[in-house]
Amino acid sequence: MTTAESLDSLIRETLADPSGAVSWMLQQLAGPALDDDLAEALTGRLVGAFTGGGPTDEAAVERNMVLAAALGACDCWGELAHCETCQEAGTSGWRSRDQAAFDLYIAPALRAFERPAPPEEPQTEEGKRP
Ligand SMILES: [Zn+2]
């Protein structure tokens with residue numbers, strides 16, 4: 001493989017999985033001194049820095065993970081190429097749901113959708129009630 005082909009391959013892999021690429025680079029730099037939790041936290045920070053994300057995105061990331069758990073999906077929703085957890089199969093229903101998260105976020109929506117819609121009030125003139 002030529003240098004240009006290697007660079008092209010590296011760029012393609014990085015674009016397909018930025019978190020995986022950053023994680024790999026951290027492992028190359030720090031080696032075994034970097035434990036998994038720290039590597040994951042650093043990866044999130046670095047990817048956030050490059051994508052414009054930051055601390056304000058942490059709540060959104062957390063909510064995404066809770067909603068994925070509530071719906072039995074992988075954190076990547078089956079959309080991350082080469083996801084080590086689900087191998088791109090992690091859409092809703094892929095695993096058992098987290099019942100507490102389901103009860104908190106999904107069940108209220110289902111109950112609201114099951115209620116009949118309120119009847120429309122008759123109107124005699126545009127915007128006025130009889
Ligand atoms: Zn996944």
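Quick note: numbers below take in every heavy atom, side chains included, and nothing from hydrogens, waters or symmetry partners. For the single chain, residues carry numbers from 1 onward in sequence order.
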Side chain to side chain donor-acceptor pair (under 3.5 Å) partners for Gln99, two or more places apart: Arg97, Asp103
Asp75: partners by side chain to side chain donor-acceptor pair (under 3.5 Å), with sequence neighbours left out: none
Members besides Leu67 in its Ile/Leu/Val/Met/Phe/Trp/Tyr cluster (side-chain heavy atoms under 4.5 Å): Val66, Leu71, Trp77, Phe102, Leu104, Tyr105, Ile106, Leu110
Any residue meeting side chain to side chain contact (heavy atoms under 4.5 Å, CB included) with Ser96, in chain and number order, not counting sequence neighbours: none
Residues forming a side chain to side chain donor-acceptor pair (under 3.5 Å) with Thr91, sequence neighbours excluded: none
Contact list for residues 109-118, test side-chain hydrogen bond (donor to acceptor under 3.5 Å, both in side chains), sequence neighbours left out: none
Please tabulate, one pair per line, all N/O donor-acceptor pairs under 3.5 Å involving side-chain atoms of residues 80-89, not counting sequence neighbours.
residue, atom, partner, partner atom, Å
Gln87, NE2, Glu84, O, 2.9
Glu88, OE2, His82, N, 3.3

Residues clustering with Val61 (ILVMFWY side chains joined when closer than 4.5 Å, directly or via others): Met65
All side chain to side chain donor-acceptor pair (under 3.5 Å) counterparts of Trp94, not counting sequence neighbours: none
ILVMFWY cluster membership beyond Phe113 - transitive side-chain contacts under 4.5 angstrom: none
